[in-house]
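To start, the structure under review is shown below, and the notes come after it.
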Amino acid sequence: MSNILFSIFPSENFIDLGLYQYGWERCDPAHSFGPVARNHYLFHYVISGTGTHTAQNSSGDSITYKIRSGQGFMIFPHQICTYIADNELPWEYVWLEFDGLKVKEAVESCGLNISHPVYRPRHKDLAQQMKEEMLYITNHSHESPFHLIGHLYLFLDYLTRSNAFPIQTKGGRMRDFYVKEAVTFIEQNFQNDITVEDIAAFCNLNRSYFGKIFHDTVGKSPQEFLISYRMSKAGELLKMTSLSIADIGNAVGYPNQLHFSRAFKNVYGVSPRAWRYEQSGK
């Protein structure tokens, strides 16, 4: 019978590197999952056993990879895939689903991409430490979000340093500079009535070009990122203060309470009032 541990991360307030869900499973023979597509990066490390991972490559073709213990596989955002445990020697694996501004560059730097998703470590000691960080996160869901994010950074460090074919990324790319400038502008002005045009103008870029490089780097449009950032700040205020819904909406750039409540529900699935009650029980 399959054994499994599974947890959902309680906070989405981390911009550079965020955790979404994580777990461990000892699979039944021929246990399968998919076809499915994820919204974020999802990494599996195989502790024991074998199985297959079938995923679309950059051309849209489905490729099947056989993966054994000591290896892993990365599932990329919006990539359709299916993974199946071996019938004779089913795998045991641990996984993390994560995303953020730092993730795309980090994943690329260790040689993993949508056409090369298999992790084959060249440094076994670093791979062992990476596995330990993944298991630590899985077994310590009671720890604070900051504590778990700290261990997620260690996991990402060991992942990038242990992989077989690291790629040296070019430093100082201009598009990275523009995106960092844009994120800083949002962090400092999210409470004001700013638009994507304002952000592009701050970076001295054409709106269309700015939108493209931002999405290519972050994985979200500037508007999606702005809304997500505002709602994460709204969540903090709802949880940590007794301010009214109207005051919180105004504090994150929504002077119209109805518009704020609608935007919040689109992100969290419930109204600000219901979300506050869920968090505090009051």
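Note: hydrogens, waters and symmetry copies are ignored here, and every other heavy atom, side chains too, is used. Computed from a predicted model, the values in this text were never measured in an experiment.
Here the closest non-hydrogen pair linking Ala127 and Pro121 is CB-CB, 3.6 Å. Closest of all the heavy-atom pairs between Arg230 and Phe190 is NE-O, 2.8 Å. Of all the heavy atoms in Ile84 and Ala30, the pair that sits closest is CG2-O, 3.9 Å. Nearest heavy atoms, Cys27 versus Ala85: CB-CB, 3.9 Å. Across Val267 and Met231, no two heavy atoms sit closer than the pair CG2-CG, 3.7 Å. When every heavy atom of Phe264 is checked against every heavy atom of Gly235, the shortest pair comes out as CE1-N, 4.3 Å.
Remark: Arg38 pairs with no residue by the side chain to side chain donor-acceptor pair (under 3.5 Å) rule, at least two apart or across chains. Phe98 meets the ring-ring contact (aromatic ring centres under 6.0 Å, His included) test with Phe155; sequence neighbours excluded.
Residue Tyr41 holds its OH atom at 10.5 Å from CD of Gln79, rounded to the nearest 0.5 Å. Asp28 CG to Asn87 CG: the interatomic distance, rounded to the nearest 0.5 Å, is 10.5 Å. Expressed to the nearest 0.5 Å, how far NZ of Lys131 lies from NZ of Lys124 amounts to 11.5 Å. A distance of 10.5 Å separates CD of Gln188 from CD1 of Ile194, quoted to the nearest 0.5 Å.
Proximity of Ile245 to Arg273: side-chain heavy atoms (C-beta onward) are separated by under 4.5 Å at one or more points. Looking at heavy atoms from C-beta onward, Ile47 lies in side-chain contact with Leu135 at the 4.5 angstrom threshold. Counting heavy atoms from C-beta on, the side chains of Leu96 and Gln21 never come closer than 4.5 Å. In this structure, the side chains of Pro272 and Ser261 come closer than 4.5 Å at one or more pairs of heavy atoms. Tyr22 is listed as a side-chain neighbour of Thr138, based on a closest heavy-atom distance under 4.5 Å. Contact check for Tyr45 versus Trp95: no side-chain heavy atoms found under the 4.5 Å cut-off. For the pair Ile137/Leu19, a side-chain contact is recorded, criterion being any heavy-atom separation below 4.5 Å from C-beta on. In this structure the side chain of Leu42 never reaches within 4.5 angstrom of the side chain of Phe76, judged on heavy atoms.
Within 6.0 Å of atom CD1 in Ile80, 12 or fewer heavy atoms from other residues, nucleotides or ligands are found, so the atom counts as exposed in its surroundings. The 12-atom threshold is exceeded at NE2 of His151, counting heavy atoms of other residues, nucleotides or ligands nearer than 6.0 Å. For Lys104, the NZ atom is densely surrounded, since the number of other residues' heavy atoms within 6.0 Å is greater than 12. For Asp193, the CG atom counts as loosely surrounded, since its 6.0 Å shell holds 12 or fewer non-hydrogen atoms of other residues, nucleotides or ligands.
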Enumerate donor-acceptor pairs with a distance under 3.5 Å from any side-chain N or O in residues 246-256 to protein atoms, sequence neighbours excluded.
{"residue": "Asp247", "atom": "OD2", "partner": "Ser244", "partner atom": "OG", "Å": "3.2"}
{"residue": "Asn256", "atom": "OD1", "partner": "Leu258", "partner atom": "N", "Å": "2.9"}
{"residue": "Asn256", "atom": "OD1", "partner": "His259", "partner atom": "N", "Å": "3.0"}

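Ring centroid separation for the pair Tyr83 and Phe73 comes in under the 6.0 Å cut-off. Within the 6.0 Å centre-distance limit, the rings of Phe214 and Phe225 are counted as a close aromatic pair.
Thr54 and Ser62 share no donor-acceptor pair across their side chains, judged by distance under 3.5 Å alone. Checking Glu97 against His40 by side-chain atom types alone, no donor-acceptor pair falls below 3.5 Å. Gln128 and Glu132 form a side-chain donor-acceptor contact under 3.5 Å, judged by distance and modelled atom types alone. With no hydrogens or angles considered, no side-chain donor-acceptor pair links Thr217 and Tyr178 at under 3.5 Å. Counting only N and O atoms by type, the side chains of Trp24 and Glu92 include a donor and acceptor under 3.5 Å apart.
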(request) Would you sort out whether Ser115 and Ser58 count as a side-chain hydrogen bond (donor to acceptor under 3.5 Å, both in side chains), showing the intermediate values? (result) CA-CA 6 Å; Ser115 294; Ser58 57; 3.0 Å; yes
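Evaluated for a side chain to side chain contact (heavy atoms under 4.5 Å, CB included) with Tyr153, the options Ile149, Asp157, Leu156 yield exactly one hit, Ile149. Exactly one of Phe202, Tyr229, Phe210 qualifies for a ring pair (Phe, Tyr, Trp, His ring centres under 6.0 Å) with Phe185. That residue is Phe202.
In this structure, Asp198 contributes its side chain and Thr195 its backbone to a donor-acceptor pair below 3.5 Å.
Ring geometry for His53 against Tyr65 counts as parallel: the plane angle stays under 30°, on a 0 to 90° scale with 60° as the upper cut.
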